[in-house]
Each structure stands twice: as C-alpha cells, then as structure tokens.
Asks: 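Shown below is the structure under consideration.
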Amino acid sequence: MTLLDLDPGVVTRARDLAARAGRPVVDLATAHTTVSIERAVLRLAGLEGADHEGTPWVNRLVDAVRAQVGLEHGVALPVWDALARQRREGGADDDPLLRLAQRAAAGELDLRVPEGRSATAATRAAVRAARAGVRTIDRQRRVRERMLERLPVTHRPLVYLIVATGNIHEDVPQAQAAARAGADVIAVIRSTGQSLLDFVPEGATTEGFAGTYATQENFRIMRAALDDVSRELGRYVRLTNYASGLCMPEIAALAGLERLDMMLNDSMYGILFRDINPVRTFTDQHFARQVHARAGIIINTGEDNYLTTADAVEAAHTVTVSQLLNEYFAHQAGLADWQLGLGHAFEIDPAIPDSFRIELAHALLARELFPDAPLKWMPPTKHMTGDIFRGYLLDGFFTLAGALTGQGILLVGMMTEAVVTPWLSDRDLALQGVRYVLDAAGGLHEDFRPAPGGLIVTRAHQVLDEAVDLLGRIADEGLLTAIGDGTFGLMRRPEAGGRGRDGVAVRAPDYLNPVCEVLAEPVVGEGPR
Amino acid sequence: MTLLDLDPGVVTRARDLAARAGRPVVDLATAHTTVSIERAVLRLAGLEGADHEGTPWVNRLVDAVRAQVGLEHGVALPVWDALARQRREGGADDDPLLRLAQRAAAGELDLRVPEGRSATAATRAAVRAARAGVRTIDRQRRVRERMLERLPVTHRPLVYLIVATGNIHEDVPQAQAAARAGADVIAVIRSTGQSLLDFVPEGATTEGFAGTYATQENFRIMRAALDDVSRELGRYVRLTNYASGLCMPEIAALAGLERLDMMLNDSMYGILFRDINPVRTFTDQHFARQVHARAGIIINTGEDNYLTTADAVEAAHTVTVSQLLNEYFAHQAGLADWQLGLGHAFEIDPAIPDSFRIELAHALLARELFPDAPLKWMPPTKHMTGDIFRGYLLDGFFTLAGALTGQGILLVGMMTEAVVTPWLSDRDLALQGVRYVLDAAGGLHEDFRPAPGGLIVTRAHQVLDEAVDLLGRIADEGLLTAIGDGTFGLMRRPEAGGRGRDGVAVRAPDYLNPVCEVLAEPVVGEGPR
Amino acid sequence: MSRIVRPYGDATGDGMVQLSFTLPVAAGRRADGAAAQLARRMGIDPAMVVHSRAMGPRFTFFVVYGRANHVVDLDAVEVVEQDFPLLTDKEIESRVRDRLRRPVVVVGACIGTDAHTVGIDAILNVKGFAGHKGLEHLAAFEVHNLGAQVPVPDLVESALERRADAVLVSQVVTQRDAHLANVAEMTAAFREAFPRQRRPLLVVGGPRFDESAAASLGVDRVFGRGTTPGEVASYLVHRLVPEPEEGRSHAASH
Amino acid sequence: MSRIVRPYGDATGDGMVQLSFTLPVAAGRRADGAAAQLARRMGIDPAMVVHSRAMGPRFTFFVVYGRANHVVDLDAVEVVEQDFPLLTDKEIESRVRDRLRRPVVVVGACIGTDAHTVGIDAILNVKGFAGHKGLEHLAAFEVHNLGAQVPVPDLVESALERRADAVLVSQVVTQRDAHLANVAEMTAAFREAFPRQRRPLLVVGGPRFDESAAASLGVDRVFGRGTTPGEVASYLVHRLVPEPEEGRSHAASH
Ligand code: B12
Ligand code: B12
Ligand SMILES: Cc1ncc(COP(=O)(O)O)c(C=O)c1O
Ligand SMILES: Cc1ncc(COP(=O)(O)O)c(C=O)c1O
C-alpha cells in the first residue's frame, strides 16, 4: 500500500531525527533504576502477597533496602546476599524471600551491599531466581502461541472493547458477553487513582472508581474467564491492561506472568497525563518494554490522548512525532514491529469541513509510516456529547476510517462517551455498529484511492513535514525540554517536576538487575505472531 | 465520471429495448382519455371549488358530460359548446364555467357534442381557456426561475425532507423548521387514502392519516410559507407532492398552477402499489408528464418502492429496467433529462456481506446510465427496525453512498422509520446526520475509485446485463403482460384489473384536449433549471 | 430467584435508563429544568439532562440519563403467553384433514386506507416470512387474500361469500390511531352481519398492536411484530379444529 | 401562554417520548411485557416496545415509544437562574481594580483521583473555552491552578497559603458518585480549616453536576456542562466585589 506517495527520504530523515532525539533518553533510562523496577525484579523472583495493611511485600523489602543501603545498587545484591545469610542462619524456609521481606518489614533485617565472593554468589543466586520468573513468562508466551494456533483470529482489525465496572466479578460476565458479541480484545480499565499508587494492590477487588484495580489476582481471574470463552467461541480473546503509572514495571511483569496479551504502555503518557516525573517514567518504561518484548505482548501507545487536550488538526504532527519516538524506544527495548500498537485517534472536531477526509489522511499516514505495526485506532471522545445518536453515527464513521486505512486494533467507541462509563447495552450496540460497518464496508479499502495531489495526500504530506520540523527541534533542544514546553497535549511537564521523582536512583557502577541479565540471554523457540 | 467502464453498446441496446417495450404503451396512452385528464382540463381552464358536499365542480361537470355524451370526445367540445349557448342565453356571468358546472350538477344542463361551426367555435374557445391556465403555469415557472436566480441553491445533493402531520397548519411550522435546519426540498406526504379518491379534496385540511391531503389550497399555503422561509434563508426551498393515484393529471395541473417544484410521478407506482388499472395509470401519466414538462417540474419516479416488497439484490435489475422505461415515457411526454429524478434506494439487507459496496454498485450504475438526470436517492426503510441507533447509523451510510455516487436528490432517512411517521426531533436529528456526512465526507467521491474488475464494477455490470435480458423479454411479450406477471415489486397486476378502469375511455376521432393543443404550441423563454 | 428486577446499566440494581423527548419550550436553563422535572415525574431520580438542543425558537430536544425508581414485578407482567401449542406443518395438515375434512377458509385483507400488504402477505402467501412459508402453502388452508385498502363492507361480503372460518386483518398505519378506528369499524360490521355463533374468528395483526388488547378491540386474537405464519396457523387450528381435550372454544361449525 | 406543557412528538400535546433500557431478564414475550410494565409505571401509556434484543441469555435491551402522561409545570421548574449580571471583561477589570484594589485570588484543582483537567483549565487558563478566554487572562484574577488529582489537604493548604478568595474544584468522574464523596470531603476540610467568615467561596463544577444542588453539597455555587469562563468570572465578582446596591453577601474580606 503506498497510496500517499511519501518520500522515502523524508521518512528516513524522520526516523533518524527520532533516534537522535531518543538516544539521550535511552541513555538516561539505562543509567537509572526505580523502586518499581526493583519491585518488579522481586516479583519475577517470586515474591508475592502483602502484609495485613495491604502493603505488598515487594514494597516492604525494597523500602528496607533503600533505607539501609540505597537503591543505586539495585535490590538484587543486598537481597540475595541477605538471603544467603538467612539460609545459613536456618529456620523454616519454604519461601525464604517472603520470610526475608517479613523480617525486613519487622525491622529485623540487616542489609548490606555484598562485595567480592559474596557479591558473585548473590549475583548468581539472583539471576537464577529471576530466570525462574522469566521462564514463567516464556511459558505463558508459548501457551498464547499454542492457543492462537488452535483458536485462531485471522481477521483484522481486532475489535477492542473496554469493561470498567470497578468490580472484577461484574467485569467477568460483561467481558464474556462482549467476547460473545464479537470483541477480540478486552481491556479492563483501571480505577482512576491507581496510576498514582506506588504499589500494586493485592487480590481480587470489587471497589474501583470508573475502573477496576489492576492486580495479579484480577489478571488471573479475567484471563481464566477469557480462556473459557475463547474455547467456547473457537477464537482466542485477548486481554489488555495498563502498564502505566508509578508501577509500570511491576504491572508489566505481572502481565507477562499472567499472560495478558496487550498492554497500554506509552513512553510519555504518565508524564503528561498523570504528572509523573519524566526520568521516573522513561526509566520505568524502558524496563517495562524489555519485559513486554520477552512476553510477546503487544504494546499500545497513547498518542490518542494528546488529541483530547490539544486540537487534533493543529497537533496532528505531534502524534506522528510521538509515534516515531515510541517506535524508537520500543526497538531499543527489544520490541519487534508486530508488537507496536502505536496509537492515534479520530478526534477532529466533526464540525470542521472535510473532517472525515482529514482523519483518513492522518490515519493513512500512520499506516504507511509503520507498515508492519498493528496500530491502535481510538474512537472519538472529545467531541462526543450527550447527543447519543450523533455519537453513534460518529463512531460508525470512525470504524469506517479504520477499515479504509487498515488499522489493526480497533477500539470500539461508545455512544455514551460523554455521559457514563459504558453500559452493557452500550457495548452491545457499539459492537453491532462495528459489525455493520466492517461487514458492509470492510472491503471498501479496495476502492479507496486518495486522489493524487488531493486533500488527503496533501494533508498527509503536510503533517509529515511538520513532524520532521518538530523532530528536528526536539533533537536539538532535547526531548525533556520539549516535554517541559508543552509540546505534547499542551501539557507542560518540567524535568524536575512530577510525582515519583524520589523513587529514582542513578545506578551505581556495581548495579545489578538480574532480570535484565536474563533477558539478555538468548531465548529458544521465539517467533512473531 | 466513468468509473464502471460500462459498454456503450450495451447501454444503447438497453435504451432501444426500453423504447420497444414502451412504444405500445405510449400509443395506448395517447389513444385514451380519463375522467381525471378531463377534470384537469377544466381545472386549467379555471374551474375551481366544490359543492356543499365537497364534490369538486370539475367532477360534477365531467360526470355530467360522461353521462350525457360519453367521455370519448373529451369534455372540451361539449362544455365550451354549452358555454357558448349559456352565454347566448344570458344571465349573471362573472364565472360562466362555474355556473355551467352548477347547472350540470343540478341536472339543468343539456349537453351535446357540437359539430361543424359550433365545433370549431367550441374548440377555439376551449383552447383559449386552456391557454390561460397554461400561461399561469408558465408564469409560475418563470417565478421559480427568478427566485432560483436570486436565492440560488448550487450544492448537490438537494436535501429532501418529508412532513406528514395530517394538518397543514402543523405542517407549515414543521416544514419551515426543517428548511431552517437545512432541508432544500420539502415533501408533504398525502393522507393514506387519497390516491384512491377519484376527486381532489378542496380547501385547507387538518385531518389526514399519516399525511396531509393534497389540495390546491394546501399547495398554496405551503408554497407561500416556503417562499417566506426561502427569502429568510437566501435559498429557494423546493416543494414536492405526489402526482399519483386516481387524480394524477389534476394534481399535476394544480402543481403547475401553484408552483410546486418536484412531483412524485411514476409510470407504474399506481398500478403496483395502489392497484389502479394499468391503462388508467399509463394514460393519466402521459398527460401529467406533459404538464410537468411545461411547468419545469422535476419528476421523481418510484423504483425505490419495488425494493420494499422485493429483495433489493435479486430485484436490482428491475429498478434499472423501470428507470429506463420511466426515462422513455418521460422523454415521450416532453420532459428533459434534468427533470428526471429517477428513483432508487438503499434497501439491501444490511446483514448481507459487502452490502454497502453492493449499494454503491447499484447507485453508481444509475448515476452512469443517466448522467444528466438528478436521481432521487431513497433511504433504507424495509430493514429499519425499532433499533433507532442502528437505524441512525444506517441512514448515515445511506447518505455516504449518495455522496460517493453523486446522487442529486437525497431523501433524508429517519431513525424512527419502523416506528412512527417522523417526529420533529427525528427530522432535526436526521438533518444533523446528513450535514455531518456531507460536510465531513462529501468530497470523498474524489477518492472513490472502484477497483477495476472488483466487486463494485462486476456487480454493476451484472445488474445491467440482467436488466437488458429482462427488457428483451418485456419488449417481446409486452409491458402490460410483464406487469401482470409480477415482474416489478413482485406485485401481479393484470391489465384488466385494478381500480379506476371505468374512468377510462378510448378517444373518439373528434377527441379534443385543448390543453394538449396549447402544450404543442411553441413556448417562449423556456430554459432548463 | 427474585421476581422484582430493575433496569440494568452496568451494575445489578442501578436502575439506569435513557430517555429522549422534545418539549415545546425555548432552549436554555429553564428548559433543562423542565426536562429534569418531567424525568423526575416519570420516576427518574437523579435525572441528568445530558443533551439539549434548540430546534427553532420554540422547541428543545433533550436526552436524559438517570435512575428509574420504579421496579418491574415479573409476576405482574401482563403478557399473552402463547396459549396454544406450536404445531408442525405435518400436524396441521393431518389434524385438519382428519378432523375437519375440508380446508380452513381464511379471508385476509388490509382494511381502511392501509396499503401495507407485506405483513399480511407474509402470513398468507407462499413466500412467507423469515424462512417460514405462509398459510397458502398448506393444504389445510383455503386462503383468500384481498390485498390492500379493502373497505370493510367488501371484507364482510367476501367473508360471507367464502364462508370464512377466520378473517385476518392487517393494520400498519397507526397515525391518529387509524388502526384502532378501522378495527372498531370492522368488528361492528361483523357483529351486525353475522349471528354470534357463525361469526368467523377475527384476528388482527400489525407491528404496533398490543397483543394483550384482543378483548378491548373486540377480536379473538392480536398478533404483533415478528409474528410467523406458523404461529398463526397453529393458533387457527387450535381454535377452529381443537383436539378433543382442548375444548371447543370456537370450532368451525359449518 | 399555558404554563403546562407536554412532550411533543409531532403534534401539540401528544406527549410522545422515547425510552431505552436493559432488564436482567431473558428475551421473549415475557421480557417485552416486563418492559411495557416498567414504561407504564413510568407513566407511559400506551407504551410500544418497538425493539427488544437479547444480550446473552440473561439480559434484554429495549426501545420503547409511547405517550407520557405526566405534564411539565413550567412554573414549578427548579432552575438556578443566572442570579448575577453577566459582566464584560472591562466591567470586571474596572470593578475589581476600583473597588477591591487587588486581584481576586483563585485556587483551582481537580481533587481526589480525578485527572480531567480540561474543564477547570477551560475556566482558568488563558486558552479558555469555546472562544472565551479563561480567568488568567484578566488582571482582575490571580489564578493558581493546581492541576489534576490534588489531595484535599493539599488544596486546603494552598488556599490558606495563597489567601484564596475562591476555591474552584472540578469533578468529572462520577462513577459510584465519586464526585459527591470528594466534594463532601472537601467542604468538611474547609469547614475545619477556616473560620466561617474567612472561608473562601467554594465553587464546584463538572458536566454531571446538578446546578441546583449547591446547598445540599455545602458549596456556594455549582456550575454544570457548558459553563463559560465569563459566567464564572461574573459570578465571582458579583459575590466577592459586589456593587454597593448588590449587598455584600460574601465580599472579599482580607
Ligand atoms: C414497505 C412499506 C411501504 C410500502 C408498502 C408496500 C406494500 N405493498 O406493502 C409503500 C412504499 C407502498 C409504503 C407506502 C406508505 N407508507 Co409505508 N412503510 C413500509 C415499511 C418500510 C415496511 C413495512 C413492511 O413491509 N414491514 C415488513 C412486514 C413483514 O412487517 P409487518 O407489517 O410488521 O408484519 C409483520 C407483523 O406485524 C405481523 N402482521 C402484520 N399484519 C398482520 C396481520 C395478521 C392477521 C397477522 C396475524 C399478523 C400480521 O406479521 C408480519 C410478519 O411478522 C414501513 C417502515 C418499517 N420499516 O416498518 C413503512 C411504514 C409502515 N409506512 C408508513 C407510511 C406512513 C406510509 C405512507 C402512508 C406514507 C408514505 N411513505 O408515502 C405510504 C402510503 C401507504 C398506505 N396508503 O397505507 C409508516 C406508518 C407510520 C405509522 N405507524 O402510522 C411507516 C411505519 C414508515 C414511517 N415511519 O413513516 N410503505
Ligand atoms: C479528555 C478526557 C480524558 C483525558 C483527560 C485529559 C485531561 N488532562 O483532562 C484522559 C485521556 C487522560 C482521560 C482519562 C480517563 N478518563 Co476520561 N474523558 C475525557 C473526555 C473525552 C472529555 C472530557 C473533557 O475534556 N471535556 C471537555 C471539558 C471542557 O468539559 P467539562 O469537563 O465538562 O468542563 C466544562 C464544564 O463541566 C465546566 N466545569 C468543569 N469543571 C469545572 C470546575 C469549575 C470550578 C467550574 C466553574 C466549571 C467546571 O466548565 C467546563 C467548560 O464548560 C470525557 C468524555 C466526554 N466527551 O465528555 C471522558 C470521561 C470524562 N473520562 C472518563 C473516564 C472514566 C476516564 C478514565 C478513568 C478511564 C480511562 N478512559 O482510562 C481515565 C482516567 C482519568 C482519571 N484519573 O480521572 C469518563 C467518566 C465517566 C463518569 N461519568 O464517571 C468519561 C465521561 C468517558 C466515559 N464515558 O467513560 N479522559
Ligand atoms: C497509553 C495509556 N496509558 C495509560 C492509560 C490509563 O491508565 P492509568 O490512568 O490507569 O495509568 C491510558 C488511558 O487511556 C493510556 O492511553
Ligand atoms: C412514486 C410515488 N408516487 C406516489 C407515492 C405515494 O403517494 P400516494 O400513495 O399518496 O399515491 C409514492 C410513495 O412513496 C411514490 O414513491
């Protein structure tokens, strides 16, 4: 498909500039660690559960390490060193890591950064523990691959639907109903506050605001429910959640362990829309993506969000810029193109003349810039109103734009977008609408040939040119400066500001992350899908 | 536009066959007259009003002629002969024709078919009287042309909207509201029973079922109201009604006199959907179209209706056949191509795969077969359900199909189609939907290029081929036989059956229709538009 | 299982409903207040007026969401349960052949000015509806479909002439309650033309009829939207050619 | 002019409305009957169930049309009329300059876990809303916009520190009445932290708030969907810098 006749030179230049702009940020990310990365390491090493106040043991233990020896060496060295000592000290030990955490919480633990032989031993033990977690991820990946072979989903776009009751037990039947009605991907939205929690809640939860907490147990419950319905339908239904917020790395780890299939994971969303510190976010993100890469999870990025706070026409090129940056960061973390659900959205004010054609221009630009990425196509939200009829129609045209431009993941729009989190009937109606459009007009892309030099082609070129200009500026002045200036979504987020800054540490020369060590080992039996 | 690459040879063959099939019907039509044609003559000659029972004077007088001397000579000769005698007899005479009708109704009139000098005199007087009526039509046409110059409507499609309250005084504000909200054409639907009435009701009416009676006074009221709103909006708002049913010729005359701008006028609708006798319908239709031609009225034909009783895919070619026949009959009656609002509709079962693309194929076929006709594009009705959300979406795609294929007259679909005659809010919502689609995607036709050899092109060719086959059969066996066999809309209507047969007479050799005489005279100042 | 239920938005018992309507008032805060008042009077509380749009200077359209405080008592639901067994074509044919020994005579029509024949054709003609063939298709029925816009006197005459066991009337246009008026005219005419015992079964149908209104309409049965020919056939046979144990409520008597 | 009106479908007084909802019952005749019952209980009679669709085995979605028998009494409509004059930017500037002689200090935030800042930004930031610039744009206001997900204690602290004349709080997420809970927490905290006289004006806003609920929420004023910055500015000036004849209901006092 080359309907837009993009200049390959300009495209290459855009990618080069994105690399120039992104490189320093990757260096930054690999020069730091965060409390959440370290907690993710412990989770992958098998530390589960929470104390009687609901504080996870991983938090307890990381906090203890940080208090006693600082974060800069990573938790692995002090923890596995302490474990070795604990083992030597003896005692009941069917879960030594848990016992260690409990002792740390009780203030009974004396931590140190081992050196010499102790360090070597701790490193080896930590890597072994991490490898067990990564193996679970590998196993889950293979389970997914096998299920996809037996319960194949060959059509595109994948139809993506949200549930958000706040109660995992209400979510389950709603998700199953949605799957039966045609959803290929179910996303369980998180409770509004979770992204700012610096811990991952535990267990099955029933009380969320406008969403359900992302917990390991909730992941497990929903994945099992979707496995059931997948078998019933003969079609593997994917599960999605959000690797975002202060616990991005841990959520990424849990997603891999519990076989989630896609994760919302953007390099800048937390900075822009949750006011999380930029260094924290970029550092977390790099680690999270390494885990996603290994888990065979498709990431969905969040460019669509910019268009809810900035204007979709004026800011169209910022979406392109962000997609290129997200691509660069993703590649640096080891993600393959088929794993890049780069985001964009149908958010142009419908009152603008030719709005639909401009949407097509933007969507097609993304399609042709990233031919091998699935692309996540988001429905109108900002210009939805209480006029549910108009909204239903708009959603239909959104779906059509998706079909005409070959988007891979179609997030289903809801007519009640401006009113309530979706009702059971909203989802059912929405899926009906999607089915109509895809069945009736899904093949129309064959007949869609943007007029050479016409509005669509011209607009796409213009956006790409603007994107290149902006990338040039960012490459020169630095991405963190650009973010501080309100380049994306009109949100100004200075480098030093934002939440979670104090959970970041510069890695010491002896920093050890056993998970990263394991991820760097060669894998067997990996293959795209 | 030649997106379908139709074979000009096949198109010519289709037209030739339509002419072969239509010729005998035109001969039939010009060999007969009907009570309604004769009443139309009297109306154009200035006979207005009704008796105390509401029976129009034109009916009284025609019935008297028919009873005394038969219909076969036309009413003109006996009436103007009697008028001459009435004049000679003296008496109050500011409206001699009315007095004559009153006397006829009272049984006081002695009618005869004049011969020799009396016949010549009666002919001359009748033609003079008819000319006055035709001059009014000419004047109204010029008024329309002038208004269109001052209040131009250059965009296409024209947005066509229905009002149907049953009460002309409720219709007026609703029509004005619709015009303000964007309607270019207002159609006032008739009360369900009117088509079977063998007279045109009189005066302003307030009680109709699912529509408002078509009366001269209602026409006048609505045209005046729309003139007001046209001036307010700076855009001439057209008025439409139905020249159909047993009084088709009279309604056509009234439409010309009261400056209606479009008229539903199909050659077969009355036969198929009102069980009116075929000879009656074809005869009435020929005369009515001659009047429309003179009045500069655009006719809208009724092929869309077939698809409410037959399947829109299976019967697609019957629409094409009927369009070609309607074109032939229209040309024979003197209508120009710009006056041919040939009908078709978006009535394919939306559950059929690729239904939207098949709609595009059908719509584009009509567009390319009749490049100079405005084409009337009808919304989904049959597959509309009580699911108003689905219906609203379907209507949006209908509008899109109209825009992609360059339809000239877009009848606005209503989400409540399956429920009620449209509410005020339905119309408002519907117009909003139309505006969205036309503004957002109206230009998309530039980017619509059916894949060569693809589904759309193949389907269009198939329908045309089927139409040619069917036309061949009809040309051989006769159109009336085909109608009797249920070829159109699956309705079987034998030549001898149906209502209104007894209002038909074979023209005698001395038959005089003064209106036809005047219409045959050359006109000054005529021009398309 | 509870027999009391509430509307369901996205949680059991939340009572949520959607409502839309127009009020003849100029748009503005006061109009929104009026809309909220109406919703509250309908038992929606809290009522959120989520959309209001001026339609000209005198009308405003509203969309309201909110919690309906009424409950549904499933035990009190009035519903015309299908009070007859659904028979297969074979059962119908054999029952009529064996017990009535002649076809059931059916006269059908759209009466008044209604010209919507697709519905009655769907029931009567071979073509049928949604894959079910119409009554004509069975030897058990002798069908006279008079078509559209049949005046009531013609219908009565035809029923007399054909010695109809059942008269099937369709009404689709409901504006100004045309369907109710036409049905009233029809039942009156049949009451006048036939002695009680010999009056054919009167059945009306159409998408906007309330199936529970048979008694108030003065007919034997009402069929609404989505009726299949099989239902109608089964009903007619049930009433006109009852199995011995079914009782002879209205058995064909001539 | 009549002060009693009814919904308008296509004729004055017809009372017609549209309704949709889901019931937790399996689709079928009984479900349709249940839907009709609910509609009737809401005062819709006749009620036409024009659409019903099974959503899985346990739920059915309905669309109902019918005549609402309730009327709207326009005299009884509860509405927060705009009880303050809408001022121009110039009037605001000169009134504050001349009478208060310092800017009105405004602290704004989205509290709780709500991160929807577009609404409060629309009111406060220069960018504004629908062509109207926000309060920041006027010299009459000193604006401190704390942004998203601000904990109530932080808000109180900021209000104390800035000596806020008015505190503007936005709440967009309403699921499980989160907005009501957050506002209750906020008013309680302000009542505790400030003596009655020195408490800043408390204003809340968001698209799903009922504007007439100020008293029950314990705030001074509620603004709903579509609020413009000009309305808010005028209200603040009206309350904080009243014209002599307007009375000093809550004039800025520090
Ligand atoms: C097709 C159609 C037409 C065709 C009719 C062709 C024909 N020969 O029947 C044409 C184009 C001619 C037409 C014309 C008009 N129509 Co029309 N038409 C429709 C349409 C699109 C579909 C109706 C239909 O065929 N349904 C399919 C059949 C199978 O369903 P059904 O009728 O409900 O029948 C089922 C059941 O109800 C039941 N049933 C029905 N009758 C009976 C009888 C018995 C005895 C039994 C047991 C069961 C039974 O069994 C059937 C099978 O399940 C509807 C809109 C819609 N989508 O519903 C409008 C509609 C019915 N029409 C309407 C109107 C107003 C008209 C006109 C008056 C106005 C106009 N548009 O010009 C004209 C004049 C008609 C007249 N004089 O009556 C309105 C009626 C509004 C109202 N509620 O009062 C509708 C609802 C459209 C609208 N929203 O305005 N129409
Ligand atoms: C933009 C948006 C977002 C953006 C927010 C970006 C940002 N920085 O604000 C992003 C993408 C981040 C987002 C995220 C989420 N969102 Co959101 N979002 C929206 C959306 C599309 C538009 C809201 C908006 O900006 N409106 C435009 C502004 C100008 O209007 P307004 O807020 O009504 O403000 C006006 C008035 O209300 C008033 N006003 C408002 N506040 C105040 C305050 C004062 C003092 C005054 C005087 C006046 C006033 O004045 C304003 C101007 O007129 C709505 C859907 C919609 N179309 O409404 C959903 C919506 C609000 N979001 C919703 C949800 C659930 C979420 C999430 C929780 C779930 C998710 N999707 O992941 C997350 C998490 C957010 C969180 N923690 O709070 C729901 C809320 C449901 C409910 N009623 O409870 C909505 C309704 C969508 C839906 N149907 O599900 N969202
Ligand atoms: C990329 C991305 N991440 C995260 C989120 C939301 O997650 P949370 O606010 O729970 O972090 C969104 C919401 O739309 C998103 O687009
Ligand atoms: C061509 C045509 N004529 C007439 C009518 C209806 O007019 P009436 O039934 O009043 O004759 C229609 C209705 O759709 C039509 O399409």
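Chain naming here is simple, since letters A, B, ... match the order of the sequence lines and numbering starts at 1 in each.
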Asks: Hey, could you give me the CG/CG distance between C:Leu146 and B:Asp275, rounded to the nearest 0.5 Å?
Replies: 11.5 Å
Asks: Report which part of B:Thr308 has an atom under 4.5 Å of a heavy atom belonging to chain C: side chain, backbone, both, or neither.
Replies: backbone
Asks: Can you tell me which portion of B:Glu207 sits under 4.5 Å from chain C's heavy atoms? Options are side chain, backbone, both or neither.
Replies: both
Asks: Judged by atom type as modelled, is there a donor-acceptor pair below 3.5 Å linking the side chain of C:Gln175 to the main-chain atoms of B:Gly166?
Replies: no
Asks: Is it the side chain or the backbone of C:Ala178 that comes within 4.5 Å of chain B heavy atoms, both, or neither?
Replies: both
Asks: Looking at OG of B:Ser425 and CZ of C:Arg53, how far apart are the two atoms once the value is rounded to the nearest 0.5 Å?
Replies: 11.0 Å
Asks: Taking atom CZ of C:Phe61 and atom CH2 of B:Trp423, what is their separation to the nearest 0.5 Å?
Replies: 9.5 Å
Asks: What part of B:Ala210 is in contact with chain C, defined as an atom under 4.5 angstrom from a non-hydrogen atom: side chain, backbone, both or neither?
Replies: both
Asks: With a 4.5 angstrom heavy-atom cut-off, is it the side chain or the backbone of B:Leu196 that approaches chain C, or both, or neither?
Replies: side chain
Asks: Is atom CD of C:Glu192 surrounded by more than 12 heavy atoms (other residues, nucleotides or ligands) closer than 6.0 Å?
Replies: no
Asks: So how far is it from C:His179 NE2 to B:Phe209 CZ, rounded to the nearest 0.5 Å?
Replies: 11.5 Å
Asks: How long is the gap from CZ on B:Arg180 to CE on C:Met55, to the nearest 0.5 Å?
Replies: 13.5 Å
Asks: If you count heavy-atom pairs under 4.5 Å between each of B:Ala181, B:Gly386, B:Gly208, B:Ala418 and chain C, which one has the most?
Replies: B:Gly208
Asks: Output the residues of residues 224-231 of chain B for which the shortest heavy-atom distance to chain C is under 4.5 Å, in residue-number order; output 'none' if no such residue exists.
Replies: none
Asks: Report the option among C:Arg225, C:Lys127, C:Arg208, C:Arg176 that has the most heavy-atom pairs separated by less than 4.5 Å from atoms of chain B.
Replies: C:Arg176
Asks: Identify the heavy atoms of C:Ala115 and B:Arg274 that sit nearest to each other, and give their distance.
Replies: CB-NH1, 3.5 Å
Asks: With a 4.5 Å heavy-atom cut-off (strictly below), which parts of residues 494-502 of chain B touch chain C? List them by number.
Replies: B:Arg499
Asks: Which atom pair, heavy atoms only, marks the closest approach of B:Met491 to C:Thr117?
Replies: CE-OG1, 4.2 Å
Asks: Given that the side chain runs from C-beta out, which part of B:Thr421 has a heavy atom under 4.5 Å from chain C: side chain, backbone, both or neither?
Replies: side chain
Asks: Quick check for you: to the nearest 0.5 Å, what is the distance between B:Gln194 atom CD and C:Thr113 atom OG1?
Replies: 11.0 Å
